[in-house]
Amino acid sequence: MASAADLKKAYEEWKEHCKNVQSMTQLSLKTSKETPVQKDKRIKYLLSHYDAFCEYYFPHYLTIKDKVTGAVVRIAHNAPFHSKAAKLIRENANLKAVFQWPRFHAKSTHIGVFIPIWLMVMPEPLIHFMVTVNASEDGAKKLLGDLQAELEFNQRLIADFGKFKNLGSWTDGEFKTQKGIKFLAVGRGQSPRGLRERENRPDYIHIDDIDEDRRCLNESLIRQDVEWVWSALFGTMDAGRGRFIIVGNLISKCSVLANLAANKKMHVSIIKAVDKEGNPVWPDKWTKEEAQDYAETVGYRVWQKEMMHNPINAGSIFRHDWIRFKRLPRLEKYEMLVCYTDPSFKSSSANDYKASRLWGKIGTELHLIDCYVRQDTVSGMVRWLYDLYERTRDRVAISFFMEANFMQDIILDEFAAEGNLRGYQLPLLPDKRKKPEKIQRIEAVSPLWERGYVFYNEALKDSPDMQVGIEQTLALERGSRVHDDAPDADEGAIWYLQRDTRQATFKPVLVPRPRPKNLW
């Protein structure tokens with residue numbers, strides 16, 4: 001709970017924001033001289049064109065100012081994903097959706113301010129009771145304060161749709177308009193008791209940044225939060241009728257957002273800050289150079305988590321600056337190729353990851369050429385290996401290895417069944433090494449990354465398999481419970497690639513031993 005001083009500061013900041021809203025939404029001379037017919041025509045157009053609606057009524061949100069002078073540099077027009085989300089929400093009265101957008105991409109602004117106001121000023125209001133939810137009640141109240149500032153001080157909204165202000169205040173976490181549209185702020189885990197007793201149940205629930213880094217480390221707490229969302233929060237709606245929306249960026253795979261996005265009934269919108277070429281998906285917001293500068297400033301892990309929905313937990317063995325990419329040569333150039341597979345014990349897709357990693361040796365360098373790291377069935381893994389073999393068998397020879405302990409009947413049966421369908425059997429070799437403890441083995445090869453001998457295939461840099469493998473590698477540390485199938489497979493492949501090198505380098509020299517004299 002915020003202190004009295006914090007509340008006072010928040011209220012002063014809100015009043016300053018209201019002054020800005022009021023000054024930035026003054027009517028233009030042209031608008032003030034409209035005839036009633038012209039005004040109606042303009043309003044109808046704005047209501048049917050979301051982008052124009054935002055630019056006319058909320059210019060104070062869309063201006064990009066110079067950080068030094070404060071002068072307006074450009075207008076940040078809506079991105080296509082903003083408009084698509086607005087259309088989806090308007091056209092689906094019983095929508096259940098996850099909007100997984102990066103930081104600074106106006107998810108709270110659109111889902112929590114622009115779209116609700118757009119829906120409520122329709123000739124027939126499409127929203128009657130909105131609930132804003134945040135990790136804390138104070139956070140929810142602050143979000144609600146942004147919306148109330150528009151309803152009370154936005155001169156363009158008031159001129160076109162009349163006064164909204166009636167009872168309540170965002171500082172109390174609740175208010176309603178003159179037409180009886182209600183707004184309520186709720187913190188995570190807070191009992192929304194009383195919502196069911198009112199004449200209108202919530203028909204627009206907006207869950208905004210409910211996850212926190214520290215809380216995501218505790219799976220038990222996340223399960224409790226998810227249960228609260230579905231039982232206490234979703235349960236306040238009229239048998240699930242209404243718009244139920246969660247927004248945020250994926251800060252952890254163990255999070256409320258991730259759990260809700262995995263629900264098959266949820267529509268999921270995933271927007272990453274930049275595309276594969278590094279171009280911003282919202283070019284009016286920032287340039288490619290600005291995005292690159294930000295990524296370099298905050299670092300790889302923060303950029304991936306906050307902007308690309310790829311949370312990577314820091315481990316203690318590998319560092320992200322050791323992950324190097326390069327354009328790889330043709331397969332025929334490699335001295336040796338090894339594909340090592342760590343299949344995990346169970347065949348269900350709900351269990352551990354299965355990892356197959358194709359490595360090549362060329363000179364002193366080791367290259368990760370292709371990879372498969374998925375929560376998949378054994379048959380899915382087997383098909384990938386057969387496909388890899390068929391793509392390469394006429395060009396190069398690849399040694400396929402799997403740890404002998406994993407080559408149980410169920411796995412060998414899958415290989416045999418796939419081989420029978422294809423008319424041949426994959427030449428799979430067992431890894432019969434007497435191996436040290438797993439982390440010890442992986443630690444032993446980590447200096448190869450540190451000293452710059454290891455490179456990953458640049459062409460697969462953004463593929464899910466590559467990214468999951470990197471995430472597992474960087475998260476690895478002693479005592480952790482993270483998945484380690486990819487780095488385990490890497491160690492196996494590298495051991496075989498370097499085996500011949502070690503034998504050649506350290507080939508023993510045999511010297512005849514002198515025969516001992518006969519002492520008897």
Side-chain angles (χ1 to χ4, degrees), residues 81 84-102 105 107-108 110-112 115-116 127 129-135 140 186-192 195-196 201-213 215-272 305-306 308-311 346 348-353 374-377 380 464 467-468 471 483:
F81 60 88
K84 185 177 180 180
K87 184 174 184 292
L88 177 75
I89 293 172
R90 178 180 177 176
E91 294 180 351
N92 293 272
N94 296 319
L95 178 69
K96 293 177 282 292
V98 174
F99 291 97
Q100 190 172 302
W101 296 354
H105 283 63
K107 51 186 179 290
S108 301
H110 281 273
I111 308 299
I115 294 175
I127 181 173
F129 191 166
M130 174 178 171
V131 178
T132 295
V133 184
N134 188 252
V186 175
R188 180 189 57 220
Q190 181 182 342
S191 174
L195 294 180
R196 303 182 184 188
R201 289 175 178 263
D203 58 0
Y204 190 101
I205 293 182
H206 162 226
I207 308 172
D208 194 301
D209 282 337
I210 193 173
D211 290 308
E212 296 174 304
D213 289 314
R215 197 171 182 88
C216 289
L217 297 175
N218 191 318
E219 293 184 15
S220 177
L221 291 179
I222 294 301
R223 285 196 298 270
Q224 293 175 29
D225 293 342
V226 172
E227 183 177 354
W228 175 81
V229 166
W230 287 123
S231 60
L233 197 57
F234 184 72
T236 64
M237 305 181 85
D238 185 12
R241 298 185 183 95
R243 296 168 172 89
F244 185 77
I245 302 168
I246 180 170
V247 301
N249 52 305
L250 187 66
I251 64 172
S252 172
K253 300 292 179 64
C254 176
S255 62
V256 176
L257 184 79
N259 275 269
L260 267 61
N263 189 306
K264 294 181 180 180
K265 293 294 184 180
M266 303 292 283
H267 170 87
V268 180
S269 165
I270 300 177
I271 300 297
K272 297 181 179 181
K305 180 178 75 169
E306 302 285 357
M308 302 297 286
H309 311 300
N310 181 35
K346 300 179 181 179
S348 169
S349 61
N351 289 287
D352 286 345
Y353 283 83
R374 303 174 194 174
Q375 286 179 306
D376 199 358
T377 60
Q467 289 298 322
V468 172
E471 178 180 340
H483 295 290

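If you read the sequence from its start, that first residue is 1, and numbering goes on from there.
One finds the CD atom of Gln375 at 5.5 Å from the NE2 atom of His483 (value rounded to the nearest 0.5 Å). In this structure, CG in Asn259 is found 10.5 Å from CH2 in Trp230, a value given to the nearest 0.5 Å. Atom CZ of Phe81 sits about 14.0 Å away from atom NZ of Lys272, to the nearest 0.5 Å. Taking CZ of Arg243 as the start and CE of Met130 as the end, the distance is 12.0 Å to the nearest 0.5 Å. Atom CZ of residue Arg223 and atom SG of residue Cys254 lie 8.0 Å apart, to the nearest 0.5 angstrom. Asn310 CG to Ile251 CD1: the interatomic distance, rounded to the nearest 0.5 Å, is 13.5 Å.
Taking 4.5 Å as the limit, every side-chain heavy atom of Val256 sits out of range of all side-chain heavy atoms of Ile207. With contacts defined as side-chain heavy-atom distances shorter than 4.5 Å, the pair Met308/Pro102 does not qualify. Within the 4.5 Å cutoff, side-chain heavy atoms of Trp228 are placed close to those of Ile210. Ile89 places a side-chain heavy atom less than 4.5 Å from the side chain of Tyr204. For the pair Ile205/Leu233, a side-chain contact is recorded, criterion being any heavy-atom separation below 4.5 Å from C-beta on.
In this structure Lys84 satisfies the salt bridge (charged side-chain N to carboxylate O under 4.0 Å, His left out) test with no other residue, sequence neighbours excluded. Residues meeting the salt bridge (charged side-chain N to carboxylate O under 4.0 Å, His left out) test with Arg241, sequence neighbours left out: Asp238. With sequence neighbours left out, Glu227 forms a salt bridge (charged side-chain N to carboxylate O under 4.0 Å, His left out) with no residue at all. With sequence neighbours excluded, no residue forms a ring pair (Phe, Tyr, Trp, His ring centres under 6.0 Å) with His206.
Ser255 places a side-chain N or O within donor-acceptor distance of the main-chain N or O of Ala258, the cut-off being under 3.5 Å. Judged by distance alone, with hydrogens and angles left aside, the side-chain atoms of Asn134 form a donor-acceptor pair with the main-chain N or O of Asp208 at under 3.5 Å.
Residue His110 comes nearest to Pro116 through the heavy atom pair O-CD, 3.7 Å, listed as atom of the first residue, atom of the second, then distance. Closest heavy-atom contact between Val186 and Ala140: O-CB, 3.4 Å. Residues Asp213 and Lys305 approach most closely at OD1-NZ, 3.1 Å, considering heavy atoms. Here the shortest heavy-atom pairing between Gly248 and Asp209 reads CA-OD1, 3.5 Å. In terms of heavy atoms, Met237 sits closest to Phe244 at SD-CD1, 3.8 Å. Counting all heavy atoms, side chain and backbone alike, Asn249 lies closest to Lys107 at N-CE, 4.0 Å.
A ring pair (Phe, Tyr, Trp, His ring centres under 6.0 Å) check over residues 250-269, counting only residues at least two apart or in different chains, returns nothing.
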- Message: Quick one, Asp225 with Arg215, criterion side-chain contact (heavy atoms from CB on, under 4.5 Å). Give me CA distance, side-chain angles, the key distance, then yes/no.
- Response: CA-CA 10 Å; Asp225 293 342; Arg215 197 171 182 88; 2.6 Å; yes

- Between Asp211 and Ile222, does a side-chain contact (heavy atoms from CB on, under 4.5 Å) hold up when you go through it step by step? CA-CA 9 Å; Asp211 290 308; Ile222 294 301; 4.2 Å; yes

For residues 92-101, tabulate all N or O donor-acceptor pairs below 3.5 Å that involve a side-chain atom, not counting sequence neighbours.
residue, atom, partner, partner atom, Å
Asn92, ND2, Leu88, O, 2.7
Asn94, OD1, Gly242, N, 2.9
Trp101, NE1, Ser269, OG, 3.1

